[in-house]
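Reminder, nothing fancy here: chain letters follow the sequence lines and each chain counts from 1. The structure displayed is predicted, hence computed values, not measured ones.
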Protein chains: 2
Amino acid sequence: MPRPSVREQLVDAAAECFHERGYNGTGIQDIARTAGVPKGSVYNHFASKEALAAEVMDRYAVSRKLEMLRDKAVAPVPRLRAHFEYLASDLKQFSFERGCMFGNFGAELSNHSDAMRGKVDSGLTLWTTAVTQVLEEARAAGALMTSLTPDQLGQFLVNAWEGAVLRAKVTRSRTPLDGFFVVFDSFVA
Amino acid sequence: MPRPSVREQLVDAAAECFHERGYNGTGIQDIARTAGVPKGSVYNHFASKEALAAEVMDRYAVSRKLEMLRDKAVAPVPRLRAHFEYLASDLKQFSFERGCMFGNFGAELSNHSDAMRGKVDSGLTLWTTAVTQVLEEARAAGALMTSLTPDQLGQFLVNAWEGAVLRAKVTRSRTPLDGFFVVFDSFVA
DNA sequence: ACCAATAAGACGACCGTTCATATTCTCAGG
DNA sequence: CCTGAGAATATGAACGGTCGTCTTATTGGT
């Protein structure tokens, strides 16, 4: 058994700092302090700040729980709705202050780092694909009240969600998310 | 008549830098270099970096051309569509790399500066109100193909647009905006 | 005793901001 | 029309601090 490593604590601390203050708004010092380790230790585990951020993004993507979109035990429409409700509850935990890390990093780092832009892109694409697949099930079940294709609708819903989350962050309220659900319900039922 | 001032050049340069690299990603030095003036000159015209950013935001809000949403000479639906098309053409000018400054600053600075968060909030609210008013005209003309209220739809459309713009920034393509227009056309016609 | 993980501090560069100085413009008074 | 005092603006160096990163010495487990 290796000596208890601070690597996990560092990723956790970095996720918290990046999510709250953004990439450029967070210093290595902040992360180290939050993790309770000296600054110099960070580079024992990560080659650079950007490498650390990349790991944070990977973790965040996993935490979106895309598996619940593939759980055939639940009917497609409630399943999709529950997914967005889960994301909403995640946002509410921090009073809607943090927003979605895909959106935050996408806005802040797309022009700074192609690697990061790629990570955000593929994260969003994976998510969109999963949403689209649920919508295809819904269509097969006759639960799609629109002539739009599942693909068109999936792309749009994910983007609309990101926009609503951003607005929720700016207004510090759930209202934009409620607005999303109202329109969501007018599309699928 | 005052001596030709570098103030304008500074705001322009700051807008460019902030839009491209974000607030925390831009240094006073960058702005000064872009404007072609020495670094020290910046503080002759602005009390702080944040004050400069505030001025940039004010300018950006004006440049959104909300007046075109109030031009009763054009029918409401084409008017609204033309508005979003104008925004899209603005984004295309920079290969979709820059995104919307409301979205960028909202994501990056909401937790950093309450003043900035307020500016983004009121900018988006003003915009949303103008959009909603056009939608009310459209409803009166029987051109709204949805049971949603103009207010619900206005809020949603603005948020969905912001999300689409963000996605366009990440993918560096117009595709998400096209997706927005498809759904837009399914709502109003 | 060996070796990887850790800690601590130092690196040069740049951060946002301030200040003392130099320059330029405005406009009285002669 | 000229002059020169005074206000406004421009300048670039310098401030203390923090940035991301690296080097070096020390620690602790096998």
Side-chain angles (χ1 to χ4, degrees), chain A residues 1-57 104-105 108-117 119, chain B residues 1-57 104-105 108-117 119:
Chain A
M1 170 114 169
R3 188 163 15 157
S5 167
V6 293
R7 200 190 144 93
E8 291 299 302
Q9 312 169 41
L10 278 170
V11 179
D12 284 345
E16 191 178 321
C17 293
F18 284 149
H19 210 160
E20 194 167 315
R21 297 187 289 279
Y23 181 83
N24 286 315
T26 299
I28 297 287
Q29 189 117 243
D30 296 321
I31 297 169
R33 190 182 329 111
T34 302
V37 306
K39 182 183 175 186
S41 292
V42 173
Y43 284 84
N44 294 325
H45 300 278
F46 304 95
S48 67
K49 184 186 181 184
E50 212 173 316
L52 175 50
E55 186 124 347
V56 167
M57 267 300 297
N104 295 352
F105 275 15
E108 187 180 3
L109 300 178
S110 280
N111 297 335
H112 170 83
S113 151
D114 243 4
M116 207 53 176
R117 189 177 65 82
K119 267 197 186 302
Chain B
M1 173 112 169
R3 179 163 25 158
S5 165
V6 293
R7 200 189 142 92
E8 290 299 302
Q9 312 169 42
L10 278 171
V11 179
D12 285 345
E16 191 178 322
C17 292
F18 285 149
H19 210 160
E20 194 167 315
R21 296 188 290 280
Y23 181 83
N24 286 313
T26 298
I28 297 287
Q29 189 118 242
D30 295 321
I31 297 169
R33 191 184 326 112
T34 303
V37 307
K39 183 183 175 185
S41 293
V42 173
Y43 286 85
N44 292 325
H45 301 278
F46 304 95
S48 67
K49 184 186 181 184
E50 211 173 319
L52 175 50
E55 187 124 346
V56 167
M57 266 302 296
N104 295 351
F105 275 14
E108 187 180 2
L109 300 178
S110 280
N111 297 336
H112 170 82
S113 151
D114 242 4
M116 207 54 179
R117 188 177 67 82
K119 266 196 186 303

**OP:** Using a heavy-atom cut-off of under 4.0 Å over every strand shown, decide if G27(A) touches base, sugar-phosphate, or nothing.
**Re:** sugar-phosphate

Original post:
Of all the nucleotides listed (dG16(C), dG20(D), dT6(C)), which has the minimum atom distance to the side chain of V6(A)?
Top reply: dT6(C)

Subject >> Length of the CG-P vector between N44(A) and dA5(C), whole Å >> reply: 9 Å

Original post:
Is the charged tip of K49(B) near the ring of Y23(B): under 6.0 Å from the six-membered ring centre and within 45° of its axis?
Top reply: yes

Original post:
Between dT21(D) atom C1' and I31(A) atom CD1, what is the distance in whole Å?
Top reply: 13 Å

**OP:** Give the rounded distance in Å between these two atoms: CG of N24(B) and C1' of dT18(D).
**Re:** 13 Å

Original post:
So, for N111(A) and E20(B), which heavy atoms are closest and what is the spacing to 0.1 Å?
Top reply: ND2-O, 2.9 Å

**OP:** Using whole Å, report how far NE2 of H112(B) lies from C1' of dC15(C).
**Re:** 13 Å

**OP:** Check whether the side chains of E16(B) and T34(B) place a donor and an acceptor atom closer than 3.5 Å, and report yes or no.
**Re:** no

Original post:
Roughly how many Å is it from CD in Q29(A) to P in dA8(C), rounded to a whole number?
Top reply: 13 Å

**OP:** Let me know the distance between OH of Y43(A) and P of dG9(C), rounded to the nearest Å.
**Re:** 18 Å

**OP:** Would you mind telling me which of dT6(C), dT21(D), dT17(C) lies closest to the side-chain atoms of K49(A)?
**Re:** dT21(D)

Subject >> Out of dA10(D), dT21(D), dC19(D), whichever nucleotide has its closest atom nearest the side chain of D30(A) >> reply: dC19(D)

Subject >> Rounded distance in Å - CG (L10(B)) to P (dT9(D)) >> reply: 13 Å

Subject >> Pair of N/O donor and acceptor under 3.5 Å linking dG20(D) base with K39(A) side chain >> reply: yes

Original post:
Within this structure, what is the CD1-to-P distance between I28(B) and dG17(D), rounded to whole angstrom?
Top reply: 19 Å

